[in-house]
Trainee: 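Have a look at this one.
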2 protein chains.
Amino acid sequence: MKMSDIITARIMQMLEQSEYNSAEIQRNELAALVGCVPSQINYVLASRFTPEHGFVIESRRGGGGYIRITRVSLDRSSALMHIINSIGGELDASTARILIENSLQADLIDGKSAELMQAAISSTVLREIPPILKDRFRAAVIKQMLIALI
Amino acid sequence: MKMSDIITARIMQMLEQSEYNSAEIQRNELAALVGCVPSQINYVLASRFTPEHGFVIESRRGGGGYIRITRVSLDRSSALMHIINSIGGELDASTARILIENSLQADLIDGKSAELMQAAISSTVLREIPPILKDRFRAAVIKQMLIALI
DNA sequence: ATAGATAAGGTCAGTAAAGGTCAAAAAAGA
DNA sequence: TCTTTTTTGACCTTTACTGACCTTATCTAT
């Protein structure tokens with residue numbers, strides 16, 4: 001098992017056990033415990049406990065310093081609403097792809113839904129409609145599909 | 001015996017032995033074991049462990065990366081295949097609706113996927129498309145979305 | 001007070017360890 | 001022979017890990 005996974009598991013475990021979805025660690029202590037360099041703790045936090053993943057990190061340096069990881073429950077449907085409203089009448093291919101990817105990362109939609117969206121606006125499908133209409137089409141499809149997920 | 005067959009046999013064997021119809025390999029390790037270049041593993045996976053053959057591949061790069069091969073129940077994916085092939089170049093609104101409904105009843109797709117499909121070909125979306133193209137559009141969208149679910 | 005000393009955590013660039021892609025060459029089949 | 005499948009290798013992208021050096025906070029002796 002990878003070191004990063006071990007660290008992740010340990011933090012998750014602390015979060016489970018905590019009352020308030022919040023865990024406080026000492027960077028050096030945890031690093032020594034699992035046997036890695038301190039900076040790897042930062043790597044794990046940066047790659048797996050991001051706001052996109054629904055976590056907030058606070059920390060303090062100096063004597064008695066700490067790192068606090070808090071799991072925040074983001075309001076799914078209002079976040080989705082926000083995205084839907086941000087889509088205008090047109091949506092180009094790369095913006096669409098990024099939008100779907102971000103929604104997935106933010107855990108607003110699941111992997112299968114993301115794939116279905118990509119499929120619905122895939123080039124294979126787009127081939128069926130006149131080029132001038134593609135952007136309008138993408139916007140309409142993505143919007144309707146997101147609405148279906150609320 | 002061909003190298004590709006050896007690799008295939010080895011993966012199959014792992015799948016047999018696994019509890020969950022799923023095997024996890026290290027690409028480089030397996031390549032070294034059977035004596036081929038790593039990229040041939042990709043070739044075998046691409047040519048013999050496709051969704052059409054009833055397999056799903058997931059992988060991760062980077063240190064400690066892996067490739068996971070999962071066998072999916074053939075009935076489901078082959079039934080889906082059958083449906084996909086039965087869709088011609090055009091699909092009218094009511095046939096589409098019935099097709100989605102039937103797939104749901106037959107448990108080939110889940111409720112959420114069904115709703116996403118309905119949304120993707122909803123009248124709101126279709127409004128963006130020239131009437132003569134609507135049937136072609138429906139066929140393309142539904143086909144791609146079903147393929148994404150295999 | 002305040003200057004060091006000490007005790008945290010932060011950053012970043014570099015290296016290593018995977019897997020992915022693609023096109024060309026070779027082999028096998030038809 | 002002609003076409004399809006297999007094999008190979010050069011090059012790419014992503015993820016993980018490490019260590020040197022930096023910043024901030026606290027403590028302690030003057």
Side-chain angles (χ1 to χ4, degrees), chain A residues 1-12 14-15 22-53 55-70 94 97-98 100-102 104-107 111 114-115 118 122-123, chain B residues 1-12 14-15 22-53 55-70:
Chain A
M1 201 188 195
K2 282 183 302 233
M3 184 53 48
S4 290
D5 292 334
I6 294 171
I7 296 167
T8 302
R10 199 149 295 249
I11 294 173
M12 280 301 194
M14 292 175 75
L15 282 170
S22 157
E24 211 167 288
I25 63 173
Q26 307 284 137
R27 190 180 76 149
N28 292 341
E29 191 184 279
L30 177 55
L33 185 69
V34 301
C36 69
V37 297
S39 59
Q40 191 165 358
I41 305 294
N42 296 83
Y43 169 69
V44 171
L45 292 174
S47 62
R48 317 237 236 262
F49 290 87
T50 67
E52 283 75 23
H53 287 130
F55 296 93
V56 167
I57 307 292
E58 298 160 283
S59 69
R60 278 199 75 168
R61 306 184 181 192
Y66 61 85
I67 300 177
R68 180 161 49 225
I69 302 109
T70 309
S94 81
R97 192 169 42 68
I98 291 169
I100 294 171
E101 192 54 39
N102 286 163
L104 176 60
Q105 289 302 315
D107 214 26
E115 284 191 50
Q118 299 283 185
S122 67
S123 54
Chain B
M1 200 187 196
K2 281 188 303 247
M3 185 52 54
S4 288
D5 293 334
I6 295 172
I7 296 166
T8 302
R10 200 151 292 250
I11 293 173
M12 281 302 193
M14 293 175 74
L15 282 170
S22 157
E24 210 168 287
I25 63 172
Q26 307 283 138
R27 190 180 75 148
N28 292 341
E29 192 183 276
L30 178 55
L33 187 68
V34 301
C36 69
V37 297
S39 60
Q40 191 165 1
I41 305 294
N42 296 82
Y43 170 68
V44 171
L45 293 175
S47 62
R48 317 238 237 262
F49 290 87
T50 67
E52 285 76 12
H53 288 130
F55 296 92
V56 168
I57 307 292
E58 298 160 283
S59 70
R60 274 198 80 155
R61 305 186 180 190
Y66 60 82
I67 301 177
R68 181 161 45 228
I69 302 109
T70 309

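Below, read A as the first sequence line, B as the second, and so on, with proteins coming before strands; counting in each chain starts at 1.
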Trainee: Rounded to whole angstrom units, what separation is found between the CD atom of B:Glu24 and the P atom of C:dG19?
Mentor: 10 Å

Trainee: Contact class for A:Ile67 vs. all strands (heavy atom < 4.0 Å): base, sugar-phosphate, or nothing?
Mentor: sugar-phosphate

Trainee: Among C:dG20, D:dT18, D:dT26, which is the nearest nucleotide to the side chain of B:Arg27?
Mentor: C:dG20

Trainee: A:Ile57 has an atom CD1; how far is it from atom P of C:dG10, in whole Å?
Mentor: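 So the two atoms are 9 Å apart, to the nearest Å.
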
Trainee: side-chain contact (heavy atoms from CB on, under 4.5 Å) for A:Tyr43 and A:Ser4? Distances and angles first, verdict last.
Mentor: CA-CA 8 Å; A:Tyr43 169 69; A:Ser4 290; 3.7 Å; yes

Trainee: When we call it a touch if two heavy atoms are under 4.0 Å apart, what does A:Arg48 touch: a base, just sugar-phosphate, or nothing?
Mentor: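 It contacts sugar-phosphate atoms only.
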
Trainee: Quick one: are A:Ile25 and A:Ile41 in side-chain contact, heavy atoms under 4.5 Å?
Mentor: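 With C-beta onward as the side chain, the pair touches.
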
Trainee: Remember a base hit wins even if backbone is also touched, and classify A:Gly63 as base, sugar-phosphate or nothing at under 4.0 Å, heavy atoms.
Mentor: base

Trainee: Whole Å only: how far is the CG atom of B:Asn42 from the P atom of C:dA18?
Mentor: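 Those two atoms, CG and P, are 15 Å apart.
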
Trainee: Could you tell me the separation between the CE atom of A:Met3 and the P atom of C:dA17, rounded to a whole number of Å?
Mentor: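 My rounded result for the distance is 15 Å.
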
Trainee: So, OP1 or OP2 of D:dA16: does either fall under 4.0 Å of a side-chain N or O from A:Tyr43?
Mentor: yes

Trainee: Apply side-chain contact (heavy atoms from CB on, under 4.5 Å) to residues B:Ile67 and B:Leu30 and explain how you reach the verdict.
Mentor: CA-CA 11 Å; B:Ile67 301 177; B:Leu30 178 55; over 6 Å; no

Trainee: Using atom CZ of A:Phe49 as one end and atom P of C:dG10 as the other, report the distance to the nearest whole Å.
Mentor: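 Answer to the nearest Å: 15 Å.
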
Trainee: What's the verdict on side-chain contact (heavy atoms from CB on, under 4.5 Å) for A:Thr70 and A:Leu15, showing C-alpha distance, side-chain angles and the deciding distance?
Mentor: CA-CA 8 Å; A:Thr70 309; A:Leu15 282 170; over 6 Å; no

Trainee: Which nucleotide, C:dA18, C:dG9, C:dG20, lies nearest any side-chain atom of A:Ser59?
Mentor: C:dG9

Trainee: Just to be sure I understand the rule, does A:Asn28 reach a base, reach only the sugar-phosphate, or reach nothing, if contact means heavy atoms closer than 4.0 Å?
Mentor: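 Sugar-phosphate only.
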
Trainee: Any chance you could list the contact pattern along nucleotides 25-30 of chain C? Use B for base contacts, S for sugar-phosphate-only contacts and - for none, protein heavy atoms under 4.0 Å, 5' to 3'.
Mentor: ------

Trainee: Counting side-chain heavy atoms from C-beta on, which of D:dT6, D:dC17, D:dT8 comes nearest to B:Cys36?
Mentor: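 My answer, after comparing the listed nucleotides, is D:dT8.
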
Trainee: Need to verify one output field. Residue with the more 5' nearest nucleotide on DNA chain C, B:Leu45 or A:Gln26?
Mentor: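 With B:Leu45 and A:Gln26 compared, the 5'-side residue is A:Gln26.
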
Trainee: Salt bridge or not for A:Asp5 and A:Arg10, using N-O below 4.0 Å?
Mentor: no

Trainee: Check whether any side-chain heavy atom of B:Ser22 sits under 4.5 Å from a side-chain heavy atom of B:Ile69, and report yes or no.
Mentor: no

Trainee: Answer yes or no: does a side-chain N or O of A:Gln40 lie under 4.0 Å from OP1 or OP2 of D:dA16?
Mentor: no

Trainee: Assess the residue pair B:Thr8 and B:Phe49 against the criterion (side-chain contact (heavy atoms from CB on, under 4.5 Å)); give the C-alpha distance rounded to whole Å, side-chain angles, the decisive distance to 0.1 Å, and a yes or no.
Mentor: CA-CA 9 Å; B:Thr8 302; B:Phe49 290 87; 4.0 Å; yes

Trainee: Mind calculating the distance between CG (A:Leu30) and C1' (D:dC17) to the nearest angstrom?
Mentor: 15 Å

Trainee: Closest nucleotide of DNA chain D for B:Val44 versus for A:Ser4: which of these residues is on the 5' side?
Mentor: B:Val44

Trainee: Does A:Arg61 contact D:dT23 through a side-chain donor or acceptor facing the base, at a distance under 3.5 Å?
Mentor: yes

Trainee: For D:dG9, does the base pair up with any side-chain atom of B:Ser39 as donor and acceptor (N or O, under 3.5 Å, distance only)?
Mentor: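 Flag set: donor-acceptor pair detected.
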
